[in-house]
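First up is the structure itself, then whatever we jot down about it.
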Amino acid sequence: MPARTTPTAAPDNQVPEEAVTPLIRGIAVLEELTAAGGTMSASALERATGLARSTVDRIVATLARMEYVRLDGRDAALTPRVMELGNAYLAALRLPALLGSRADALADELDESVSLAVADRDGIRFIHQATRRRAMSLSFRIGDLLPAERTAPGPLFATEWTDADWTRWRARRATDPQDRTFPAVPPALEVRPDVDFVRRTERAAADCWSLDDQLIEPGLVAVSAPVRDPRTGRLACVANVVSHTSRHTAADLRDALLPRLRTAVAEMEQDLRQAPPAASGPPPAGLAVWTGASKQELGREFVESLARGLTVLTAFGEGRESLTLTEVAKATGLARATARRALITYDHLNLVAQTPHRTFTLTPRVLSLGFPPLAGTSLPRLAEPHLRTLTDRIRETTYLAALTETGDEIQCTARVTAHHVMRVDIPFGTRLPATTDTAVGRVLLPHGHDHGDDGDGDGAHDYALADEELEQGVRTLAVPVHDRTGRTIAALATSTHTARRTAEDCVDTLLPALTTTATHIEAALHTASRFTPVPVT
């Protein structure tokens, strides 16, 4: 089996003299972590990237300082904070925000999975997913890269390929005929001749739709239709309906669902025509100052050129789709020369593209920097490392709880148990009646504070404290966890024995730690859920 190669720059693309070498190396580490599912040991990163171990350690330390990875023993693991890079691209693109609700409504209507895809050179990447919950479900995630020839959207995008694009595609096919450099798809069981995709592209150009009849894997079928940019007439994205042969054959998918897909596409194009100009939000602030301070504090272990280079990507966003060099430098606080070298590096790595108007835009390849493994992560998985840190800090059992779908029970969805001879043990999955007689219930249920022992009983304090709700001698403290809209979706709680801590001690010592941890969980949740849903349980 050939080694997986990170798809960055083309092999004949020579590294520019002004490119930032530490930034190239840092991008390689992020892409390898992404391809590996989000976690790798330092030694595995050393082998995969070909970098010296000391270089890998410094890059990982820098990414950890930026909170893009966390150190878990000998492993480096991606954190939701790294999704801010992909979020910058998706916000600048605007398509998920403008068209996502149409895709979701179509998925509900058809009871099939619907996705939106964009072109990434000779591949495609998903920018929105509306999936169905079934035993036979899809595992594709936002940001996943698929070879164009094995998808329904691929032939539609290929109708706009240049001769250079076709040459690049044929070279990639010759080098990797089984698609082993695409972690999101299984290796091809049958290597189809190049002419097969050429003919599918010709049909797509004539028909304005395209089919995938089990090209990715047996049983998977899809039909796609193009969504065109009203400003240029070119493809903005492709809407894709995916099913399984147990529900639809490819021909049935075309006959039964394509008409409704085309109607939805027409509605999407109307949305694009009527979309108001994007309102430009505030750019990131103080990043250059922060990187300088981190360098002074950590010294050689902090690769400042890598950190500064990554901040350049966050200069883009909604209302900032296309930026000049001067605008990038102003947004990040970097020197113009520093921003220029970073943009030259990203252009070499195909992470930014230059426009005819002397501006720069992000490319879909930015999604390869940590986004897919974290897309769709659940709140319990997101919160677990924070629970471990909290338990180590306060030396008490901590857990996350949420209301069940029916709303009549409270379920423990994540927990970390403290090491005591006499300890509170709340098994994962434990369910209790949803009542304001418990601290967690007072946090989760409407007006719960009005009945809680949370200070003065008037709901002024955002926590709840209760004695002996689980059993005699157990004291519980809970604080809320809010989603991006401010709605309480979970409770962070800790339980201790009444002989170990008084009520006053819980409020004075434990409450600040819980509140801080809840804030960290919310920050991760808000980043992760900006363009992809995060299940609460």
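Computed from a predicted structure; not experimentally measured. The residues of the chain are indexed from 1 along the displayed sequence.
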- Item | Under 3.5 Å donor-acceptor, T519 side chain and T515 backbone | yes
- CZ of F126 to SG of C237: how many Å apart, nearest 0.5 Å? 12.0 Å
- Check the pair E32 / R47 against salt bridge (charged side-chain N to carboxylate O under 4.0 Å, His left out), numbers first and verdict last. CA-CA 10 Å; E32 290 296 344; R47 293 191 298 271; over 6 Å; no
- Tightest non-hydrogen contact, residues T532 and G376, listed as OG1-N, 3.3 Å
- Message: Tell me whether D176 is salt-bridged to R180, with the criterion being a basic N under 4.0 Å from an acidic carboxylate O.
- Response: no
- Considering only NZ, NE, NH1 and NH2 on the basic side and carboxylate oxygens on the acidic side, decide whether E18 and R340 come within less than 4.0 Å. yes
- Query: Run the side chain to side chain donor-acceptor pair (under 3.5 Å) check on S224 and N240 step by step: do they pass?
  - Reply: CA-CA 4 Å; S224 290; N240 189 48; 2.5 Å; yes
- Item | Side-chain touch L51/E46, heavy atoms, less than 4.5 angstrom | no
- Message: Can a side-chain donor-acceptor contact be found between T291 and R308 if the only test is distance below 3.5 angstrom?
- Response: yes
- Would you say the side-chain atoms of T397 pair up with the backbone N or O of A418, donor to acceptor, closer than 3.5 Å? yes
- Query: From L351 CG over to L85 CG, what is the distance, rounded to the nearest 0.5 angstrom?
  - Reply: 9.5 Å
- Message: Whether E522 and R484 form a salt bridge (side-chain N of Lys/Arg under 4.0 Å from carboxylate O of Asp/Glu) is what I want to check.
- Response: no
- Item | Atom of R141, atom of Q129 and distance for their closest heavy-atom approach | N-NE2, 4.3 Å
- Message: So which atom in A236 and which in L272 form the shortest heavy-atom distance, rounded to 0.1 Å?
- Response: CB-CD1, 4.3 Å
- Item | Exam field: side chain R358 to backbone T324, donor-acceptor pair closer than 3.5 Å | no
- Among all residues two or more places apart in sequence or in another chain, which pass the salt bridge (Lys or Arg N to Asp or Glu O under 4.0 Å) test with D165? R168
- If we ignore angles and hydrogens, is there a donor and acceptor under 3.5 Å between the side chains of T398 and T494? no
- Task: State whether R150 and D212 are salt-bridged, where the test is any N-O pair (Lys NZ or Arg NE/NH1/NH2 against Asp/Glu carboxylate O) under 4.0 Å.
- Result: no
- salt_bridge(R228, E160) N-O dist < 4.0 Å: yes
- Query: For L323 and A315, which heavy atoms make the closest approach, and how far apart are they?
  - Reply: CD1-O, 3.5 Å
- Query: Is a side-chain donor or acceptor of T338 paired with a backbone partner of L334 at a separation under 3.5 angstrom?
  - Reply: no
- Does L310 offer a backbone N or O that forms a donor-acceptor pair with the side chain of T314 under 3.5 Å? no
- Item | Charged N-O contact under 4.0 Å between R125 and D120 | yes
- Task: Begin with the C-alpha distance, continue with both residues' side-chain angles, and end with the deciding distance and a verdict on side-chain contact (heavy atoms from CB on, under 4.5 Å) for L514 and I394.
- Result: CA-CA 9 Å; L514 259 68; I394 66 176; 4.2 Å; yes
- Message: Nearest 0.5 angstrom please: I27 CD1 to T49 OG1, how far?
- Response: 13.0 Å
- Task: Could you label the plane-to-plane angle of the W161 and W169 rings as parallel, tilted or perpendicular, counting under 30° as parallel and over 60° as perpendicular?
- Result: tilted
- Query: Would you call R530 and E84 a salt bridge, taking side-chain N to carboxylate O under 4.0 Å as the test?
  - Reply: no
- Task: Look up atom CG in L235 and atom CG in D229, then write down how far apart they are to the nearest 0.5 Å.
- Result: 9.5 Å
- Task: Write down the atom of T361, the atom of F316, and the distance for their closest heavy-atom approach.
- Result: CA-CE2, 4.1 Å
- Query: Any side-chain heavy-atom pair from F360 and T355 closer than 4.5 angstrom?
  - Reply: no
- Message: Is it the case that the side chain of D483 and the backbone of I489 share a donor-acceptor pair, with hydrogens and angles ignored and the cut-off at 3.5 Å?
- Response: no
- Any side-chain heavy-atom pair from L33 and T39 closer than 4.5 angstrom? no
- Under a 4.5 Å cut-off applied to non-hydrogen side-chain atoms, are Y399 and L387 in contact? no
- Task: Check whether any side-chain N or O of T345 sits under 3.5 Å from a backbone N or O of V20 as a donor-acceptor pair, and report yes or no.
- Result: yes
- Drop me the distance from L145's CG to I124's CD1, to the nearest 0.5 angstrom. 8.5 Å
- Are F140 and V242 close enough, and set up right, to give a side-chain contact (heavy atoms from CB on, under 4.5 Å), and what steps lead you there? CA-CA 11 Å; F140 293 135; V242 185; over 6 Å; no
- R70 atom CZ: more than 12 heavy-atom contacts under 6.0 Å: yes
- List the steps and the verdict of side chain to side chain donor-acceptor pair (under 3.5 Å) for S368 and E31. CA-CA 6 Å; S368 70; E31 289 188 320; 3.0 Å; yes
- Message: Using only atom types and a distance under 3.5 Å, with no angle test, would you say the side chain of K295 pairs donor to acceptor with the backbone of F302?
- Response: yes
- Item | Closest non-hydrogen atom pair, P147 against V185 | CD-CG2, 4.0 Å
- Report yes if some heavy atom in the side chain of W290 is under 4.5 Å from a heavy atom in the side chain of T311; otherwise report no. no
- Message: In the structure I gave you, are the side-chain heavy atoms of L78 and L30 within less than 4.5 Å of one another anywhere?
- Response: yes
- Task: Give the intermediate values and the outcome of side-chain contact (heavy atoms from CB on, under 4.5 Å) for residues H128 and L95.
- Result: CA-CA 9 Å; H128 184 81; L95 294 179; over 6 Å; no
- Between D57 and R53, is a salt bridge (charged side-chain N to carboxylate O under 4.0 Å, His left out) present by the stated rule, with each step listed? CA-CA 6 Å; D57 289 343; R53 176 58 181 271; 3.1 Å; yes
- Message: Would you say that L492 contacts L390 through its side chain, given a criterion of any heavy-atom pair below 4.5 Å between the two side chains?
- Response: yes
- Message: Using a 3.5 Å distance criterion without hydrogens, assess whether the side chain of S280 forms a donor-acceptor pair with backbone atoms of R320.
- Response: no
- When you check the gap from the basic side-chain N to the acidic O, do R81 and E67 get nearer than 4.0 Å? yes
- Message: Between R415 and E384 (salt bridge meaning N to carboxylate O under 4.0 Å), is one present in this structure?
- Response: no
- Message: For the residue pair S43 / S41, report whether a side-chain donor-acceptor contact shorter than 3.5 Å exists.
- Response: yes
- Under 4.5 Å between any side-chain heavy atoms of L362 and L313, yes or no? yes
- Taking it one step at a time, do R381 and V534 satisfy side-chain contact (heavy atoms from CB on, under 4.5 Å)? CA-CA 10 Å; R381 286 184 57 191; V534 176; over 6 Å; no
- Is the side chain of T413 donor-acceptor paired with the backbone N or O of L400 at a distance under 3.5 Å, no angle test? yes
- Query: Taking atom CD of E149 and atom CG of D122, what is their separation to the nearest 0.5 Å?
  - Reply: 7.5 Å
